[in-house]
**Student:** 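Sharing a structure with you now.
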Protein chains: 2
Amino acid sequence: MPEGEEKICAVCGDRATGYHFHVMTCEGCKGFFRRSISKGVCFTCPFTRNCTITKAKRRQCQACRLQKCLAVGMRKDSKVPPGRALGWAGASAVQGSRLARHRAGLVPCSGSWLAGP
Amino acid sequence: MPEGEEKICAVCGDRATGYHFHVMTCEGCKGFFRRSISKGVCFTCPFTRNCTITKAKRRQCQACRLQKCLAVGMRKDSKVPPGRALGWAGASAVQGSRLARHRAGLVPCSGSWLAGP
DNA sequence: TGCGGTTCACAAAGTTCA
DNA sequence: TGAACTTTGTGAACCGCA
Ligand SMILES: [Zn+2]
Ligand SMILES: [Zn+2]
Ligand SMILES: [Zn+2]
Ligand SMILES: [Zn+2]
């Protein structure tokens with residue numbers, strides 16, 4: 001990370017505190033991502049899965065917040081670099097149950113709130 | 001919460017206990033709003049739909065109290081700032097039945113006690 | 001020294017009962 | 001109806017290991 005580089009959370013735009021799960025994020029998104037992934041929860045967006053995530057609104061839609069976390073590349077370090085770079089379809093190449101992959105931050109939860117391409 | 005913000009209920013002026021349904025309100029208006037919305041009730045103002053809502057009088061007209069709740073922005077979570085900012089007409093863009101929108105705190109109940117502009 | 005994990009006080013939603 | 005209470009998620013501050 002080049003010095004003097006802005007420390008801005010890639011998820012919500014709040015002040016970031018460093019790299020967390022491979023992405024520059026704030027303490028809030030760091031904790032949110034860890035809690036979400038470790039519990040294997042599935043959130044549901046009450047709208048159209050395109051809520052804007054800002055510091056002020058990040059608590060209002062967990063589904064879109066988690067979606068954004070994954071979209072910017074957050075993942076548990078566990079194993080193979082995700083197929084995410086190839087789109088969600090690529091992630092299915094990774095071994096393990098879907099839930100296991102979900103917990104590793106490789107895939108969103110089973111299709112309910114994020115349609116793969 | 002903005003620092004030094006007054007802890008006054010935006011609906012009735014009583015002492016507020018924090019943000020409830022996105023608005024700084026007292027325990028009474030918090031409970032009243034949840035009960036009203038979750039049950040999808042329709043109140044009718046016995047007067048001209050412009051009753052003043054104060055701590056002392058808030059119990060006297062449920063229709064106007066609920067109208068005031070909506071006017072100051074109270075809404076069930078999981079609902080983005082509705083079309084309310086655009087007037088009631090804008091809310092009709094929100095998907096779902098009118099009752100669903102009503103229960104989400106997006107629209108008043110069907111025209112009986114609040115005439116849209 | 002940076003980052004994952006833990007702790008814990010706090011905010012807000014729901015519940016109870018006089 | 002609403003004061004008091006329970007429940008759940010949040011995030012700032014820590015802690016400890018590379
Ligand atoms: Zn963030
Ligand atoms: Zn959303
Ligand atoms: Zn009030
Ligand atoms: Zn009235």
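Just so it is clear, the structure is predicted and the values come from calculations on it, not from any experiment. All chains are named by letter (A, B, ...) in the order of the sequence lines, taking the proteins before the strands, and each is independently numbered beginning at 1.
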**Student:** Can you list the residues that meet the side chain to side chain contact (heavy atoms under 4.5 Å, CB included) rule with A:R59, with sequence neighbours excluded?
**Tutor:**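 In terms of side chain to side chain contact (heavy atoms under 4.5 Å, CB included), with neighbours along the sequence ignored, A:R59 is linked to no residue.
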**Student:** Are any protein N/O atoms closer than 3.5 Å to N/O atoms in nucleotides 6-8 of chain D? If there are, list each pair with its distance.
**Tutor:**
none

**Student:** Within 45° of the six-membered ring axis of A:F32 and under 6.0 Å from that ring's centre, is NZ or CZ of A:R65 located there?
**Tutor:**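 Relative to the ring axis of A:F32, which defines the angle, A:R65 lies inside both limits.
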**Student:** Against the six-membered ring of B:F21, is B:R34 placed for a cation-pi contact (under 6.0 Å from the centre, within 45° of the normal)?
**Tutor:**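 Verdict for B:F21: no cation-pi partner in B:R34.
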**Student:** What's the CZ-P distance between A:F21 and C:dC3, to the nearest Å?
**Tutor:**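 The distance from CZ of A:F21 to P of C:dC3 comes to 12 Å, rounded to the nearest Å.
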**Student:** In this structure, how many angstroms lie between the C1' atom of C:dC3 and the CE atom of A:M74, rounded?
**Tutor:**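 Computing the A:M74:CE to C:dC3:C1' distance gives 12 Å.
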**Student:** What residues form a salt bridge (charged side-chain N to carboxylate O under 4.0 Å, His left out) with B:K57, not counting sequence neighbours?
**Tutor:**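 Applying salt bridge (charged side-chain N to carboxylate O under 4.0 Å, His left out) to B:K57 gives none.
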**Student:** Of the listed nucleotides (C:dG14, D:dG2, D:dG11), which one gets closest to any side-chain atom of B:R65?
**Tutor:**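 Closest nucleotide among those given: D:dG2.
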**Student:** Could you name each residue pair satisfying salt bridge (charged side-chain N to carboxylate O under 4.0 Å, His left out) that touches residues 36-45 of chain A, not counting sequence neighbours?
**Tutor:**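 Of all non-adjacent pairs touching residues 36-45 of chain A, none passes salt bridge (charged side-chain N to carboxylate O under 4.0 Å, His left out).
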**Student:** Just to verify, which of A:K7, A:K30, A:E27 counts as forming a side chain to side chain contact (heavy atoms under 4.5 Å, CB included) with A:T17?
**Tutor:**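 It is A:E27; the other options fail the test.
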**Student:** Would you work out how much the helix from C:dT1-D:dA18 to C:dA18-D:dT1 bends between its ends, with each end axis defined by five base pairs, to 10 degrees?
**Tutor:**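 Computed angle between terminal axes is 0°.
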**Student:** Quick check: do A:D77 and A:H22 have side-chain heavy atoms less than 4.5 Å from each other?
**Tutor:**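 A:D77 reaches A:H22 side chain to side chain.
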**Student:** Looking at C:dG14, D:dG11, D:dG9, which one has an atom nearest to any side-chain atom of A:Q62?
**Tutor:**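 For the A:Q62 side chain, the nearest candidate turns out to be D:dG9.
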**Student:** Select base, sugar-phosphate, or nothing to describe what A:G18 touches, counting heavy atoms under 4.0 Å on all strands.
**Tutor:**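 Sugar-phosphate, backbone atoms only, no base.
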**Student:** Rounded to whole Å, please give me the gap between OH in B:Y19 and P in C:dA13.
**Tutor:**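 From B:Y19 OH to C:dA13 P: 12 Å.
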**Student:** In whole angstroms, how far is the C1' atom of D:dG2 from the NZ atom of B:K57?
**Tutor:**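 One finds 20 Å between C1' of D:dG2 and NZ of B:K57, rounded.
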**Student:** Can you tell if the side chain of B:F33 reaches within under 4.5 Å of the side chain of B:T25, non-hydrogen atoms only?
**Tutor:**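 B:F33 vs B:T25: side chains apart.
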**Student:** Using whole Å, report how far CD1 of A:I37 lies from P of C:dG5.
**Tutor:**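 So the CD1-P distance, A:I37 to C:dG5, works out to 12 Å.
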**Student:** With a 4.5 Å heavy-atom cut-off, do B:C64 and B:N50 have their side chains touching?
**Tutor:**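 The answer is no, as the side chains (C-beta and beyond) never meet within the 4.5 Å cut-off.
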**Student:** Is there a side-chain contact between A:T54 and A:C12, using heavy atoms and a 4.5 Å cut-off?
**Tutor:**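 They are not in contact (no side-chain heavy atoms under 4.5 Å apart), so the answer is no.
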**Student:** Without decimals, in angstroms, what is the distance between B:L66 CG and D:dT1 C1'?
**Tutor:**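 Spelled out: CG on B:L66 to C1' on D:dT1 is 15 Å.
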**Student:** Using whole Å, report how far NE2 of B:H20 lies from P of D:dA4.
**Tutor:**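 Taking NE2 of B:H20 and P of D:dA4, I get 13 Å after rounding.
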**Student:** Does a nitrogen or oxygen in the side chain of B:K7 sit under 4.0 Å from OP1 or OP2 of C:dA11?
**Tutor:**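 For B:K7, the contact criterion (side-chain N or O under 4.0 Å from OP1 or OP2 of C:dA11) is not met.
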**Student:** Using whole Å, report how far NE2 of B:H22 lies from C1' of C:dA12.
**Tutor:**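 Answer to the nearest Å: 10 Å.
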**Student:** Let me see the working for B:F43 and B:S36 under side-chain contact (heavy atoms from CB on, under 4.5 Å), right down to the final yes or no.
**Tutor:** CA-CA 9 Å; B:F43 302 120; B:S36 301; 3.5 Å; yes
**Student:** Could you run down nucleotides 12-18 of chain D 5' to 3' and tag each one B, S or - for protein heavy-atom contact under 4.0 Å?
**Tutor:** SB-----
**Student:** Under 3.5 Å, side chain of B:K55 to main-chain N/O of B:D14, donor-acceptor pair present?
**Tutor:**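 Not a single qualifying donor-acceptor pair exists.
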